[in-house]
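Each chain gets a letter, A, B and so on, in the order its sequence line appears, and its residues count up from 1. All of these numbers come straight from a predicted model, not from anything done at the bench.
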2 protein chains.
Amino acid sequence: MQTVEEIVGVMSSQGLRVTDQRRTLAGLFADTPGYLSPKDVYDYMGRTYSGLSFDTVYRNLRVMEELGVLEQVVFEDGVKFKLHCRETHHHHHMICLQCGRTHPITFCPMEQTKVPGDFTVVKHKFEVFGYCSSCSQEEPSAEGKA
Amino acid sequence: MQTVEEIVGVMSSQGLRVTDQRRTLAGLFADTPGYLSPKDVYDYMGRTYSGLSFDTVYRNLRVMEELGVLEQVVFEDGVKFKLHCRETHHHHHMICLQCGRTHPITFCPMEQTKVPGDFTVVKHKFEVFGYCSSCSQEEPSAEGKA
DNA sequence: GTGTGTGCAAACTGTTTGCACGTAC
DNA sequence: GTACGTGCAAACAGTTTGCACACAC
């Protein structure tokens, strides 16, 4: 997690202009514990900036991703963004299907995976989906895919 | 893995017409050990059927997925299809970034993941990407993402 | 004042749908 | 013969790009 000022600081230190819109965007991600889709961002920003266009949202998401402030993940239902993890060591995530909030998993399955000698591992993905404490109470049924 | 006849049998048993095109499509997947994108399928099929249209490819991929013959997976670079695993027990995959071939991983990391009591797990994803024996020799460098 | 950021419109990719004709059954 | 499959064209969603104006620096 980072504060708005930290994020804004990174932007200006890279020679990027700090506009109201970018400050708001930084604030949105600083306050959001989980993942946001471009549409989520657009909807939120649109409340403040009436003339907002989708392309500016995309441009700024891209800029902040290239800056290393945001990270992008591809889910079944599309691309989403969140603040880049500041954790120093390698980890994975449990992701709430309702609120998008993430919880770190320090255990890495690769350590225990027997890889055949002739297979060269480049990267891996381990993600656990479900409902977090707050959401599992409201959302006990629905969404059935195992 | 299934034979063309097995796949075709499933189709006709469900009241679907067995056209030349669908037979060829079944043959393509029966002969392909890895994942295929809709474009891969279109390119392959287009060699045989000159007037082929993309929408028919999509329609048939969808039909075969709904039939349970194919399974669809979302990768960073788009949606891909392969024959649905016949393995009876739960497993994961090592996926070759070059040829798309998959190798089963019987080890399931969920068994060893400590889940907080207040998190309800719905599903999980564990995928290992790299280069298989045949491809790691040809492709020793390139693609650097860990 | 200069150059970057923005909104607008349009292009573009991947995918889906409506329609009329063709073909498996 | 009938209903489903196909190709074509068009629609559609998500994303990107070109341009002119606006604003952060």
Side-chain angles (χ1 to χ4, degrees), chain A residues 4-5 7-28 35-67 69-81, chain B residues 4-5 7-28 35-67 69-81:
Chain A
V4 180
E5 291 313 319
I7 298 170
V8 164
V10 174
M11 291 200 282
S12 71
S13 75
Q14 297 296 322
L16 295 171
R17 305 274 162 86
V18 180
T19 63
D20 273 5
Q21 207 180 116
R22 285 182 175 169
R23 188 177 291 274
T24 305
L25 185 60
L28 170 59
Y35 289 91
L36 293 169
S37 67
K39 183 166 187 312
D40 292 334
V41 175
Y42 178 74
D43 290 344
Y44 175 85
M45 300 285 290
R47 274 181 246 146
T48 310
Y49 307 92
S50 56
L52 182 70
S53 55
F54 236 112
D55 48 82
T56 306
V57 170
Y58 277 110
R59 266 187 294 240
N60 283 329
L61 287 173
R62 180 96 53 82
V63 163
M64 289 174 72
E65 196 206 351
E66 283 165 2
L67 229 59
V69 174
L70 295 184
E71 68 186 67
Q72 177 183 351
V73 181
V74 179
F75 292 114
E76 319 272 319
D77 60 340
V79 169
K80 301 199 176 169
F81 294 84
Chain B
V4 180
E5 291 313 318
I7 298 170
V8 164
V10 174
M11 292 201 282
S12 71
S13 75
Q14 296 296 321
L16 294 171
R17 306 275 162 86
V18 180
T19 63
D20 273 4
Q21 207 179 115
R22 285 182 174 168
R23 187 177 292 275
T24 305
L25 185 60
L28 171 60
Y35 288 92
L36 293 169
S37 68
K39 182 165 188 314
D40 293 334
V41 175
Y42 177 74
D43 289 344
Y44 174 86
M45 299 285 289
R47 274 182 246 145
T48 309
Y49 307 92
S50 56
L52 182 71
S53 56
F54 235 111
D55 49 81
T56 306
V57 170
Y58 277 110
R59 266 188 294 241
N60 282 330
L61 287 173
R62 181 95 53 81
V63 164
M64 287 173 73
E65 195 206 353
E66 283 166 3
L67 230 58
V69 174
L70 294 185
E71 67 186 67
Q72 178 185 348
V73 180
V74 179
F75 293 113
E76 319 271 319
D77 61 339
V79 169
K80 301 198 176 171
F81 294 84

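Residue whose closest nucleotide on DNA chain C sits further toward the 5' end, between Val79(B) and Thr56(A): Thr56(A). Sequence order on DNA chain D of the closest nucleotides to Gly15(B) and Gly78(A) puts Gly15(B) first from the 5' end.
As rounded to whole Å, 13 Å separates atom P of dG18(C) from atom CG of Asp55(B). Rounded to a whole Å, the CD atom of Gln14(B) is 12 Å from the P atom of dG5(D). With rounding to whole Å, Leu61(B) atom CG is found 10 Å from dT15(C) atom P. Per the geometry, CE belonging to Met45(A) stands 14 Å off P belonging to dG5(C), to the nearest Å. Whole-Å rounding puts the Glu66(A) CD to dG5(C) P distance at 12 Å. Rounded to a whole Å, the CZ atom of Phe81(A) is 12 Å from the C1' atom of dG14(D). The separation between Arg59(A) atom CZ and dG5(C) atom C1' is 7 Å, rounded to whole Å. Atom OH of Tyr49(B) is separated from atom C1' of dG5(D) by 13 Å (rounded to the nearest Å).
Ranking dG18(C), dC25(C), dT16(C) by closeness to the Tyr58(B) side chain, first place goes to dT16(C). Across dC25(D), dT23(C), dC8(C), the shortest atom-to-atom separation from the side chain of Arg17(B) is found for dT23(C).
Backbone-only engagement by Arg22(B) is indicated by non-hydrogen atom pairs under 4.0 Å involving sugar-phosphate atoms exclusively. Residue contacts for Arg62(B): at a heavy-atom cut-off of 4.0 Å it reaches the sugar-phosphate backbone alone, with no base atom in range.
Residue Gln21(A) places none of its side-chain N or O atoms closer than 4.0 Å to OP1 or OP2 of dC23(D). At dC23(D), none of the side-chain N or O atoms of Thr19(A) fall inside 4.0 Å of OP1 or OP2 (strictly under the cut-off).
A side-chain N or O of Tyr49(B) and one of Thr24(B) form a donor-acceptor pair less than 3.5 Å apart.
In this structure, Lys80(A) does not pair ionically with Glu71(A), as no charged nitrogen and carboxylate oxygen lie closer than 4.0 Å.
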ask   = Taking it one step at a time, do Asp55(B) and Arg59(B) satisfy salt bridge (charged side-chain N to carboxylate O under 4.0 Å, His left out)?
value = CA-CA 6 Å; Asp55(B) 49 81; Arg59(B) 266 188 294 241; 2.6 Å; yes

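Aromatic ring orientation, Phe54(B) versus Tyr42(B): parallel (interplanar angle below 30°, classes split at 30° and 60°).
Tested against Phe81(A), the residues Val41(A), Asp40(A), Leu61(A) include a single side chain to side chain contact (heavy atoms under 4.5 Å, CB included) partner, Leu61(A).
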